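A quick write-up on the structure given underneath.
What you see is a predicted model, and the numbers here were worked out from it, not measured in a lab.
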Amino acid sequence: MRIRIDVNLRFSQNLTGWYHQNKRDLPWRNTNDPYKIWISEIMLQQTRVDTVIPYYEHFLEQFPTIYDLADADQQQVLKCWEGLGYYSRARNMHQAAKTVVKEFNGRIPDSYEKITSLKGVGPYTASAILSIAFQKKFAVVDGNVIRVLARYFGITDDIRSAKTKKRIQQHADELISEKKPGDFNQALMELGATVCKPGNPLCGECPLSTGCVAAASAKTDRIPYKSPSKKVPHHHIAVGLIVNDRNELLIALRPNESMLGGLWEFPGGKQEAGESLKKTVKRELKEELGISVEIFKKFDELKHAYSHFKITMHAYWCKIHSGEPAPKSSQKIEWASLEKIHSYPFPKANKTLIEKLQTMENGDLTRFRES
DNA sequence: AAGACGGGGCG
DNA sequence: CGCCCAGTCTT
């Protein structure tokens, strides 16, 4: 037992020693504010550091305290999240801020049970906040830790399986240092992000290479092992561009519980089997808004990849033939000028379309209304 | 246990 | 074009 402890201590010392020499200067490393740590951890879920940094800075300018966030409109929060993806993170975090203000007197809780009761805070985020902001001994297991420890211990099991992740969690629990658990966690993740990378790991610079099974046996290209992923389907989406007499475009709000919930879009939908794209637009606008439209010109098409399917989006200029646009379910609609449209949060594909409209039409939609 | 859920960067 | 990323929630 004595030996085991010494081995773990050496692991931890080598790791944290390397960390103090090589850690990046990141915005959320200059604070002890649990609120700011929390924001950073939510943003960092499935998202790279370089992507997060500007969003983090801007978000905290908009919402300096948890009270500012709790009091904000969801649209304002989502606008700050626009382009970051996984928008349920923003909706859940907004809800959690309200919960903290209401139930916990504005203080982010420091117990595992209470903090995981917050929307969007799972095992990883709870452990990250508790260790980094509150110096509590909870080991994080994220994609980096999985890769580093799978290689170090030579774990060849499928990392998709819950059993493998549990096994790695147990290793992390045993290795984590008493003194500075937050630094230990960040060090392991930092190592995974900058040295023990998925491809071409820099084993020559690694403080753990001495004891690493994968490095010793030249198996870093096969560990961690991940079972093959399924092929994702490809859909065709057809949307309508409708301009009113005030030179404004018709946009619709997506329901909160749907994909991209709380963001805006040009009305339209998925092409069905044996259906022409123009027919798709007509059908969707009839179903969603209760209007009959005439289609007179294709504006553009673009490809976009989501996590579980791909789309080609086709945009058509339309004219309302009969009916007044009215949202069918709880969804809202609005008319937005090309200037004002930037104040609404849009998902990437729609935003790309808007940017193309902006450059090609130079803010003037008149001729498409009249042709 | 498996699927839903974005977007960007890299080979 | 496919894989991966400081994961969580739902079914």
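The listed nucleotides are dC5(C), dG7(C), dG6(B); the one nearest the side chain of R147(A) is dC5(C). Distances from the side chain of R48(A) to the nucleotides dG3(B), dC4(C), dG6(B) place dC4(C) closest. Side-chain atoms of Q46(A) lie closest to dG7(C) of the nucleotides dA6(C), dG7(C), dC9(C). Taking the side chain of Y86(A) as heavy atoms from C-beta on, and the options dT8(C), dA6(C), dG6(B), the nearest nucleotide is dG6(B). Of the candidate nucleotides dA6(C), dG2(C), dC4(C), dG2(C) has the atom lying nearest to any side-chain atom of K310(A).
I37(A) has its CD1 atom 12 Å from the C1' atom of dA6(C), to the nearest Å. The CG atom of L78(A) sits 11 Å away from the P atom of dG6(B) (whole-angstrom rounding). The distance from atom CE of M259(A) to atom P of dT8(C) is 20 Å, rounded to the nearest whole Å.
Side-chain N/O atoms of N256(A) and Q74(A) include a donor and acceptor closer than 3.5 Å. No side-chain donor-acceptor contact under 3.5 Å links E248(A) and S337(A).
Distance noted for atom C1' between dG6(B) and dC3(C): 15 Å (whole Å). Spacing between dA6(C) and dG3(B) at atom P, rounded to whole Å, works out to 24 Å.
Note on Y306(A): only backbone sugar-phosphate atoms sit closer than 4.0 angstrom, heavy atoms only; bases stay farther off. Using a 4.0 Å heavy-atom distance criterion, G199(A) is classed as making no nucleic acid contact. Backbone-only contact: S229(A) has heavy atoms under 4.0 Å from sugar-phosphate atoms and none from a base. Using a 4.0 Å heavy-atom criterion, one finds that I42(A) contacts no nucleic acid atom at all. Across all strands, V121(A) comes closer than 4.0 Å only to sugar-phosphate atoms, never to a base (heavy-atom distances). Residue-level contact check: G192(A) touches neither bases nor backbone, having no heavy atom under 4.0 Å from any strand. Residue K165(A) is out of contact with every strand shown, counting any heavy-atom pair closer than 4.0 Å. If you check every strand for non-hydrogen atoms under 4.0 Å, S161(A) touches nothing. Heavy atoms of L26(A) sit under 4.0 angstrom from at least one base atom. Among the protein residues, W28(A) comes within range of the nucleic acid bases, having at least one heavy atom under 4.0 Å from a base atom. Looking at heavy-atom distances under 4.0 Å, K197(A) makes no contact with the nucleic acid at all.
At dT8(C), one or more side-chain N or O atoms of T125(A) fall inside 4.0 Å of OP1 or OP2 (strictly under the cut-off). Phosphate proximity of dG7(C) to Q45(A): absent, as no side-chain N or O sits under 4.0 Å from OP1 or OP2. Of the side-chain N and O atoms in H304(A), one or more sit less than 4.0 angstrom from OP1 or OP2 of dG7(B). Regarding contacts with the backbone of dC5(B), a side-chain N or O of H308(A) is found under 4.0 angstrom from either OP1 or OP2. A close approach under 4.0 Å does not occur between any side-chain nitrogen or oxygen of T47(A) and OP1 or OP2 of dG8(B). Proximity of K163(A) to the phosphate of dA1(B): a side-chain N or O atom is located under 4.0 Å from OP1 or OP2. OP1 and OP2 of dC9(C) both lie 4.0 Å or more from every side-chain N or O belonging to K119(A). OP1 and OP2 of dC9(C) both lie 4.0 Å or more from every side-chain N or O belonging to R89(A).
Contact of the L69(A) side chain with the I39(A) side chain is registered, since non-hydrogen atoms from C-beta on lie closer than 4.5 Å.
Nearer to the 5' terminus of DNA chain C, by closest-nucleotide assignment, is the contact made by R29(A) (compared with the other of T116(A) and R29(A)). Mapping A162(A) and S258(A) onto DNA chain B by nearest heavy atom places A162(A) closer to the 5' end of the strand. For M189(A) and K303(A), each mapped to the nucleotide of DNA chain C holding its nearest heavy atom, the one lying further toward the 5' end belongs to K303(A).
Between Y344(A) and H342(A), the ring center distance fails the sub-6.0 Å criterion. The ring of F309(A) has its center no closer than 6.0 angstrom to the ring center of H234(A).
Other residues, nucleotides and ligands contribute over 12 non-hydrogen atoms within 6.0 Å of the NZ atom of K98(A). Atom NZ of K79(A) has more than 12 heavy atoms from other residues, nucleotides or ligands within 6.0 Å.
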